[in-house]
Amino acid sequence: MWARQPAAAAAVLATDSLGRIVWAFRVAFPDVPVLSALPVADGPYLAVVEEVTAEAATVRVWAAPGLPAGPGVTVHLRAVQATPA
């Protein structure tokens, strides 16, 4: 039996000691999804999508230019199946 392919997925995850999150989707998308990442913490943080595949995404959070955020920064993540225009 084939797993149903998602139209969207969401998660709230925290960064590791390098300011990074690796999110493995519960079910792979049929193609590379569109990803959004929103850090939720005191202070200015920037989330940068480093890699996205149909199976997973890697996001790094920066506290300042050249300075990774470090562990424990919460990030709201959403992946949406892209539909061609």
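Given the structure is predicted, the values throughout are model-derived calculations rather than measurements. Note that the numbering runs from 1 along the sequence shown for the chain.
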Residue pairs involving residues 6-26 (criterion salt bridge (charged side-chain N to carboxylate O under 4.0 Å, His left out); sequence neighbours excluded)
Asp16-Arg20
Should [X] and [Y] be counted in the same cluster of Ile, Leu, Val, Met, Phe, Trp and Tyr side chains packed under 4.5 Å apart?
{"X": "Val75", "Y": "Phe25", "value": "yes"}
{"X": "Val52", "Y": "Leu77", "value": "yes"}
{"X": "Phe29", "Y": "Val49", "value": "yes"}
{"X": "Leu35", "Y": "Tyr45", "value": "yes"}

[X] to [Y] - nearest heavy-atom pair and separation:
{"X": "Ile21", "Y": "Ala14", "result": "CG1-O, 3.6 Å"}
{"X": "Trp23", "Y": "Ala9", "result": "CH2-O, 3.6 Å"}
{"X": "Thr15", "Y": "Gly70", "result": "OG1-O, 2.5 Å"}
{"X": "Pro33", "Y": "Thr53", "result": "CD-O, 3.5 Å"}
{"X": "Pro39", "Y": "Ala37", "result": "CD-O, 3.8 Å"}

Side-chain contact, heavy-atom cut-off 4.5 Å: Leu13 with Val59?
no
Within the distance-only criterion (no hydrogens, no angle test), does the side chain of Arg60 pair as donor or acceptor with the backbone N or O of Leu18 below 3.5 angstrom?
yes
Check salt bridge (Lys or Arg N to Asp or Glu O under 4.0 Å) between Glu55 and all other residues, then give those that pass, not counting sequence neighbours.
none
Using the ring pair (Phe, Tyr, Trp, His ring centres under 6.0 Å) criterion, which residues pair with Trp62? Sequence neighbours excluded.
none
